[in-house]
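Note that the structure is a prediction, hence the values are computed from the model and not measured. Just so you know, ligand 1 is whichever comes first in the structure, and atom 1 is the first atom listed for that ligand. Both backbone and side-chain heavy atoms feed into the values below; hydrogens, waters and symmetry mates do not.
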Amino acid sequence: MSEGRRLLAAHLRQRIEMGEDEAFLDALDAGTAAELVGEREESSSSRSSPKPVPDERRAPARPAAPGAPTKEEIPTAAIIETSSLHQLGELSQGCPRCSLCESRTQVVFGEGNHRAEVVVVGEAPGAEEDRTGRPFVGRAGKLLDRLLLSVGFAREEVYICNVLKCRPPKNRNPRPDEIEACNPYLVRQVELLKPRVVLACGTFAAQTLLDTATSIGRLRGSVHEYHGVPLVPTYHPAALLRNPAWGRPVWEDLQRLRRIAKGESD
Ligand code: URA
């Protein structure tokens, strides 16, 4: 990559991670910009570049397993009516509510303490999560674990999940129809968990949960509300891996999270 291209890539990447999604140039949005500079990799606001590597998700859609539920068989009402996380998780396995069911390896429902004070919400499973069925187990996940621990929460103490329960092919950005189809699972998860506070990691999770287009840079720094639960937005750990300077704001956000979780005044 030439020096000019490298600088342009760095500039665009920073604007994307600051949460900008308006035109970079006429007809160039954040997603396209990221693809052009080859900066898409796992995680929110910077998911994978379309590199010419073999990808198992290029395989043709798998036919539905015999006896698998159809779209109509998991209506939103069935999700809302679940009475336990276990029941909700079971229901989500084999979910056919959007086309990601054709490319995923497995549903990544979420995991952790069912009596957690803190629920962490990320964007969507990446390759490692899709393979293992567990949320936040890649590089970003390892950093998330360390960040949580730095404010006194072991991974096992909190509950971790994503806005989308299935991996978008090649880590592309989640689509509105996928978000809409998956949303009832997250709403019910939070209703059943009744945490003291939700941590929204990254632009995508924060904007989706708060139903806003405001950038993460503007959302973070204050406490919001999600279905009656205080919500603290912060930068995604994957973004932090690329921008160590964001360590301080993330630290401040996590301190705020801890105070709310412990019932101290913010
Ligand atoms: N892994 C997840 O489970 N979620 C993310 O948002 C990123 C990585």
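- Within the 4.0 Å heavy-atom criterion, both parts of E123, backbone and side chain, lie near ligand 1.
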Run K165 and Q93 through side-chain hydrogen bond (donor to acceptor under 3.5 Å, both in side chains) and show every step you take. CA-CA 10 Å; K165 311 302 186 209; Q93 303 303 312; over 6 Å; no
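- Interface atoms of ligand 1 facing P135, defined by a heavy-atom separation under 4.0 Å, are 3 (O).
- Proximity of H236 to ligand 1, defined as any heavy-atom pair under 4.0 Å, is confined to the side chain (atoms from C-beta onward).
- Taking a 4.0 Å cut-off on heavy atoms, A140 fails to register as neighbouring ligand 1.
- Salt-bridge annotation for E252 and R220: present, with a side-chain N of the basic residue lying under 4.0 Å from a carboxylate O of the acidic one.
- Contacts of C201 with ligand 1, taken as heavy-atom pairs under 4.0 Å, are absent altogether.
- Ion pairing between a basic and an acidic side chain is recognised when a charged N comes within 4.0 Å of a carboxylate O; R258 and E264 show such pairing.
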Donor-acceptor pairs under 3.5 angstrom involving side-chain atoms of residues 142-149: please list them, not counting sequence neighbours.
from	atom 1	to	atom 2	distance (Å)
K142	NZ	V137	O	2.9
D145	OD1	R155	NH1	3.1

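- Of the N or O atoms in G122, none lie within a sub-3.5 Å distance of an N or O in ligand 1.
- Listed by chain and residue number, I80, R97, P184 satisfy the side chain to side chain contact (heavy atoms under 4.5 Å, CB included) test with T76 (two or more places apart in sequence, or in another chain).
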